[in-house]
Student: 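Mind looking over this structure? Questions follow.
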Amino acid sequence: MSKVITPRAKDYSRWYTDLVIQAQLADYAPVKGCMVIRPHGYALWENIQRTLDAMFKETGHENAYFPLFIPESLLQKEAAHVKGFAPECAVVTRGGGKELEEPLIIRPTSETIIYSMYSKWIRSWRDLPMLLNQWVNVVRWEMRTRLFLRTTEFLWQEGHTAHATEAEAEEETRRMLEIYATFAEDHMAMPVLRGMKTEAERFAGAVRTYSIEAMMQDGKGLQAGTSHNLGQNFARAFDVKFQNKNSQLEYVWSTSWGVSTRLIGALIMQHSDDQGLVLPPRLAPIQIVVVPIFKSGDGVLEAAADLVKEIRTSTPGNGSFERSRVRLDDREGLSPGFKFNEWELRGVPIRIEIGPRDLKAGQVVVATRHDRQKQTVPRAGLAERLPSLLEEAQKSMLERARTHMASRSTPVDSYEDFKKQIDAPGGFLYCHWCGSGECEASVKTETKATIRCIPLDAPEEKGSCIRCGSASDRRVPFAKAY
RNA sequence: CGGGGCGUAGCGCAGCCUGGUAGCGCACCUGGUUCGGGACCAGGGGGUCGGAGGUUCAAAUCCUCUCGCCCCGACCA
């Protein structure tokens, strides 16, 4: 097996694929466009899942499970929705050796089947809000796929809520967007823009779509999570009505929101380097690895085992450190150098090296993955210091990503400059935009750049549209995106 | 669907032009020596060359068809 990862500077795209394969996050499956998520990648997903799931539950949501198959007739009930999704649906037409009476769609998203149930379950304002979420796989027959970023089948979470008022639904939509943003920043160490999607980029069937938008190391944008205010569109299509306090029948106001295994792709492209994965400590499946440099009988292995035991039993200094995520690498027959490289490839945030020299001197070597620094530190009191070292790494990764995003966010005022800068240096080009779909579309056709979002915190500023010159009230970030 | 590339050992590749029955590196197994940034020596296992058909005394190699995958574009989380 080739151990060399294509350097980022040579071919960013190749680097990404090499890294995913070699760090054993995923592998290509026998089915085109599909991937196998390997244990290291799945552990990452489990950590993402666990953290988000707790956040959802704290805000009152419950998990449920709706079926994989959706009757074709259900999908067709909401006009915009079917238009958006029909082309990329996988359809089952045979079962039990017979042609099915009605084809079954493999869910590309579950609004339709969920609202068909909501119409049975919701009768009264007392049934609201209905706050459900599910962690499932979905299938979208994409033309071009890319490990984690866009696969035919992917794992995600989809929240579906129904409310008595428009304001409440909007509040929920924004609340979940903020949860995604908080998760991205606090756990993934990935700064994001919170914003509203333009009409062209809106979810099929939504009134408003909000998203969090990240910037990868190559300056390209990545939509990392979406939250939709569905208004009463699906309620009307699926006849989801309730009686309000005045005994009148009303359609519910609903929302849906989701993040997917794409987040793993985002994590990789945000932080990793030519040596391999760089994972934020809070999400890293293994947070600390101890590598003994030993010969049998020199006592190093025992000392390393003691250290691991001590780390595992020491009181975590904060919520970021978990004792089960410490590993002792006592494999024989592999040189220390080999192990160092392997753990770096796999993105372990802290590596502790301990050899005969350290044993004598009462010290160890602590190597931090995100900055590739090594320092010699006293053995005494080490275990207690590790949680804060992890926390520092977490913080400095976020800082570094913030700095990167800021350094590649530039105001641009003329379309000439825009066309010059969109490929190199790229990044987010903040431009005035009149708000018309025509300008947005022609910029996209001519430069492949899209409006990532209309940032919620965009300051008011008078200007003229970069494309047509009409009046504009604020700048929006344009970028090429994954 | 358009453009490009590739299918030979688990992985990466050579061999193909000029047909003669398969090779290299890594990985793997055994034994030994090593071990502070991808160790070394010795021995060993593993492939009907993507599939089908054809030409030929003989096909990984030549011809025809076919299947699959990867990369770049249009679609998208």
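Reminder, nothing fancy here: chain letters follow the sequence lines and each chain counts from 1. Computed from a predicted model, the values in this text were never measured in an experiment.
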Student: For the residue pair A:His81 and A:Phe85, does the interplanar ring angle fall in the parallel (under 30°), tilted (30 to 60°) or perpendicular (over 60°) class?
Tutor: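 Ring orientation, 0 to 90° scale: tilted.
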Student: Rounded to whole Å, please give me the gap between CG in A:Leu155 and P in B:A77.
Tutor: 17 Å
Student: Between A:Lys295 and A:Glu332, is the closest basic N to carboxylate O distance under 4.0 Å?
Tutor: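 Salt bridge between A:Glu332 and A:Lys295, a charged N being under 4.0 Å from a carboxylate O: no.
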Student: What is the distance, rounded to the nearest whole Å, between atom CG of A:Leu334 and atom P of B:A27?
Tutor: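 In whole Å, B:A27 P lies 10 Å from A:Leu334 CG.
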Student: Closest approach to the side chain of A:Ser13, judged atom by atom: which nucleotide of B:A77, B:A39, B:C71 is it?
Tutor: B:C71
Student: Determine whether any donor atom in the side chain of A:Glu342 lies under 3.5 Å from an acceptor atom in the base of B:G38, or the reverse, and answer yes or no.
Tutor: no
Student: Just say parallel, tilted or perpendicular for the rings of A:Tyr12 and A:Tyr482, cut-offs at 30° and 60°.
Tutor: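 Because their plane-to-plane angle lies in the 30° to 60° range, the rings of A:Tyr12 and A:Tyr482 count as tilted.
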Student: Could you give the CZ-to-C1' distance, from A:Arg452 to B:A77, as a whole number of Å?
Tutor: 11 Å
Student: Whole-Å distance between B:A77 P and A:Gln157 CD?
Tutor: 15 Å
Student: How long is the line joining CD of A:Glu142 and P of B:C1, in whole Å?
Tutor: 17 Å
Student: Compare the minimum distances between each of B:G37, B:A77, B:A74 and the side chain of A:Glu344, then state the nucleotide with the smallest one.
Tutor: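 The nucleotide sitting nearest to the side chain is B:G37.
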Student: Would you tell me if any nitrogen or oxygen in the side chain of A:Tyr28 comes within less than 4.0 Å of OP1 or OP2 on B:C71?
Tutor: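 Result: yes.
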Student: Determine whether a donor-acceptor pair (one donor, one acceptor, N or O, separation below 3.5 Å) exists between the side chain of A:Lys374 and the base of B:G37.
Tutor: yes
Student: Using the side-chain heavy atoms of A:Lys448, tell me which of these nucleotides is nearest: B:A77, B:G73, B:C35.
Tutor: B:G73
Student: Any idea which of B:A77, B:G37, B:G73 is nearest the A:Asn341 side chain?
Tutor: B:G37
Student: Separation of A:Ile48 atom CD1 from B:A77 atom C1', in whole Å?
Tutor: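 So the CD1-C1' distance, A:Ile48 to B:A77, works out to 14 Å.
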Student: Can you identify which nucleotide, out of B:C71, B:G37, B:A39, has its nearest atom closest to the A:Thr17 side chain?
Tutor: B:C71
Student: Does a side-chain N or O from A:Ser260 land closer than 4.0 Å to OP1 or OP2 of B:A77, or not?
Tutor: no
Student: Evaluate the criterion salt bridge (charged side-chain N to carboxylate O under 4.0 Å, His left out) for residue pair A:Lys197 and A:Glu213; output intermediate values, then yes/no.
Tutor: CA-CA 10 Å; A:Lys197 284 302 212 183; A:Glu213 300 286 333; 2.7 Å; yes
Student: Choosing from B:C71, B:A39, B:G36, which nucleotide comes nearest the side chain of A:Phe338?
Tutor: B:A39
Student: Do A:Arg372 and B:G37 have a side chain to base donor-acceptor pair shorter than 3.5 Å?
Tutor: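 It does not, because no donor-acceptor pair links the side chain of A:Arg372 to the base of B:G37 below 3.5 Å.
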Student: Give the nucleotide from the list B:C75, B:A77, B:G37 with an atom nearest to the side chain of A:Phe154.
Tutor: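 Selected nucleotide (nearest to the side chain): B:A77.
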Student: Over how many whole Å does the gap from A:Gln373 atom CD to B:G37 atom P extend?
Tutor: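 These atoms are roughly 17 Å apart.
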Student: I'd like to know if A:Arg369 and A:Asp273 make a salt bridge, using a cut-off of under 4.0 Å between side-chain N and carboxylate O.
Tutor: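 So A:Arg369 pairs with A:Asp273 through a salt bridge.
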Student: Taking the nucleotide of RNA chain B with the closest heavy atom to each, which residue, A:Leu147 or A:Tyr482, is nearer the 5' end?
Tutor: A:Leu147
Student: Within this structure, what is the CD-to-C1' distance between A:Gln22 and B:G10, rounded to whole angstrom?
Tutor: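 Answer to the nearest Å: 14 Å.
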